[in-house]
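For reference, the structure discussed in these notes is given below.
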Amino acid sequence: MDHLSTTNDLFFNRVGLDQERTEALVRETLHNADDGELFLEYCQSESIAFDDGKVKSANFDTVQGFGLRAVSGEATGYAHSSEISEDAIKRSASAVQAVAAGRSGKWAEGPAVTNQNLYSDANPLSEFDFDGKINLLTGIDAYARSLDKRVSQVMASIAGEWQAVQIIRPDGARSADIRPLVRVNISIVVADGDRMETGSHGTGGRSSYQTFFDPSSWKAQTDEAFRQALVNLDSRPAPAGEMTVVLGPGWPGILLHEAIGHGLEGDFNRKKTSAFADLMGERVASPGVTVVDDGTIADRRGSITIDDEGTAPAATTLIEDGILTGYIQDRMNARLMGMTATGNGRRQSYAHAPMPRMTNTYMLAGDKDPEEILASVDNGLYAVNFGGGQVDITSGKFVFSCTEAYQIENGKKGAPVKGATLIGNGPDALTKVSMIGNDMELDPGVGTCGKYGQSVPVGVGQPTMRLDGLTVGGTAA
């Protein structure tokens, strides 16, 4: 069954909404607007957390609703409801029409139709029964404790989602998507005397649970969480000061996402609140730095068959060989800037209006062997994993905490360090890149991005790279 047929069953057949009258209502509501749509959503989600040998929480939720949007110039009228009915849509229509009152809008051309399909539409929540999911978490707990007597606590969780959406535009065009999303997280606490440290690892994507329930998968994730815990157990206070920093491949791309990616979103640049505003065509990074946002990678956490405005995503080159070449765009900001929408109009749910958001954002590989990059540094920091961070979009200033990092001593990876933070300015940091590895990796599928109170799943990635003269905050006396 195709996505339109499936979503027709959810939004029309089951709730009694008449498709023709709904399309006519959307057309009548938005006839004076420049853009807009009716966004219908049905979503099932679950999460189960296992802590210290027992179930800590188990949740299952079903939500459905619609959001109706009218765009007139820079203004947006938005109304939403959890009640999918003709009366509820009419009430919303009377509210959003005010934004275009007295105007004669120039209706924007709609998104091109796409038949791409980047992931399965099967519902992962129905693959295994509750007992099967508890058995998985119990197995993770038992296996982790069998690894070493120093394991003192094990926390594991699974989360799944099945989201169906349909988008109706006033020209009668309709598009739909069905999006699975799963995630497994494992955290292990190890203790040695009075010292306790934690290691965490997770994986996920737009797929079924099947892969992650395979023992070879969850044992590998458990092993990695345990390894990180032991590294932290042996760590010493991190040095501080300006130094050469080598970032590892994969998840460290979260720094690129936060410090660079948000600054390349269309709304910040249209309003000129981004550090990258008015720099199109200018050099903003070292030669060799190419950054891409790509929502078309099969099964990836940040991928989308269509965005939440109905636009097909693309592999958008944002920075090419150090030159700023593109922005991340939704329909409204692209139209106001005279640019093309890139398929990045995303929203957390029907209760939120779309805005430009990243999908899978990563730096392309270079030509250096990672070992060559490490060998080029006499003394510095090798940052492999990151935790939380803060970024100021206007200035580009960032602070990121390292959850796994090592000193570099005489060109080799030295002792692990704890408490290291990276401090800098996003646009400036890109100019400090001096070597780029040939080992580009994407993250394991756990990224979630927040913006204006909305959270959406994303992916990040990068190769190993060397940055010269980055400020490191440390805890060493």
| Using a distance-only test with no angle check, is there a side-chain donor-acceptor pair under 3.5 angstrom linking Gln454 and Arg347? | no

| query | Strictly by modelled atom types, are His352 and Ser349 linked by a side-chain donor-acceptor pair under 3.5 Å? | reply | yes

| How many angstroms lie between OG in Ser217 and CG in Leu136, if you round to the nearest 0.5 Å? | 9.0 Å

| query | Shortest non-hydrogen contact from Ala275 to Gly396? | reply | CB-N, 4.3 Å

| said: Under 4.0 Å between a side-chain nitrogen and a carboxylate oxygen: does that hold for Glu161 and Arg179? | reply: no

| field | Separation of Lys368 NZ from Ser434 OG (nearest 0.5 Å) | value | 9.5 Å

| Run the ring-ring contact (aromatic ring centres under 6.0 Å, His included) check on Phe66 and Phe39 step by step: do they pass? | CA-CA 5 Å; Phe66 72 85; Phe39 179 85; over 10 Å; no

| request: Looking only at non-hydrogen atoms, find the nearest pair between Asp307 and Ile167 and report the distance. | output: O-CD1, 3.6 Å

| Which pair of heavy atoms, one from Ala429 and one from Leu470, lies closest together, and at what distance? | CB-CD1, 4.4 Å

| request: Report yes or no: is the cationic atom of Lys413 (NZ for Lys, CZ for Arg) closer than 6.0 Å to the six-membered ring centre of Tyr406, at no more than 45° off its axis? | output: yes

| query | Do Arg227 and Glu404 sit within salt-bridge range, that is, some charged N less than 4.0 Å from a carboxylate O? | reply | yes

| said: Ignoring hydrogens and geometry beyond distance, is a side-chain donor-acceptor pair present between Gln221 and His201 at under 3.5 Å? | reply: yes

| query | So, Ser303 versus Tyr119: side-chain donor-acceptor pair below 3.5 Å or not? | reply | no

| Salt bridge flag under 4.0 Å for residues Arg466 and Asp468 | yes

| Mind checking whether Asn438 and Pro370 have side chains closer than 4.5 Å, heavy atoms only? | yes

| task | Please determine which of Asp51, Asp52, Asp141 meets the side chain to side chain donor-acceptor pair (under 3.5 Å) test together with Gln153. | result | Asp51

| Have Arg174 and Asn8 got a donor and an acceptor in their side chains that come within less than 3.5 Å? | yes

| How about Phe276 and Glu265: do any of their side-chain heavy atoms sit closer than 4.5 Å? | no

| request: Drop me the distance from Thr464's OG1 to Ile436's CD1, to the nearest 0.5 angstrom. | output: 11.0 Å

| query | Hey, are the side chains of Thr317 and Thr290 touching, using non-hydrogen atoms and a 4.5 Å cut-off? | reply | yes

| task | Check whether the ring centres of His257 and His262 lie less than 6.0 Å apart, and answer yes or no. | result | yes

| query | What is the minimum heavy-atom distance between Asn385 and Gln228, and which atoms define it? | reply | ND2-NE2, 3.4 Å

| query | For Ser208 and Pro124, which heavy atoms make the closest approach, and how far apart are they? | reply | CA-CB, 4.1 Å

| query | Is the gap between the ring centers of Tyr42 and Phe11 under 6.0 Å? | reply | no

| field | Pair Arg69 + Glu309, salt bridge at N-O below 4.0 Å | value | yes

| Note, Thr114 side chain near Ile306 side chain (heavy atom, < 4.5 Å) | yes

| Is the closest side-chain heavy-atom distance between Asp294 and Thr361 below 4.5 Å? | no

| Is there side-chain contact between Ile158 and Leu137, with heavy atoms separated by less than 4.5 Å? | yes

| Any side-chain heavy-atom pair from Phe212 and Ser207 closer than 4.5 angstrom? | yes

| message | Less than 4.5 Å apart, side chain to side chain, heavy atoms only: is that true for Ile408 and Met243? | response | no

| What is the ring orientation for Phe386 with Phe400, classed by angle as parallel under 30°, tilted 30 to 60°, or perpendicular over 60°? | perpendicular

| message | Any carboxylate oxygen within less than 4.0 angstrom of a Lys/Arg side-chain nitrogen, looking at Asp443 and Arg300? | response | yes

| query | Passes side chain to side chain donor-acceptor pair (under 3.5 Å), Ser395 versus Asp392? Steps please. | reply | CA-CA 6 Å; Ser395 67; Asp392 183 290; 3.2 Å; yes

| note | To the nearest 0.5 Å, atom CD1 of Ile48 lies from atom OG of Ser57 at 8.5 Å

| request: Measure across Thr475 and Gly419 and return the closest heavy-atom pair with its distance rounded to 0.1 Å. | output: CG2-O, 3.9 Å

| message | One thing to verify: whether Lys451 and Asp267 come together as a salt bridge, which I'm taking to mean a side-chain N less than 4.0 angstrom from a carboxylate O. | response | yes

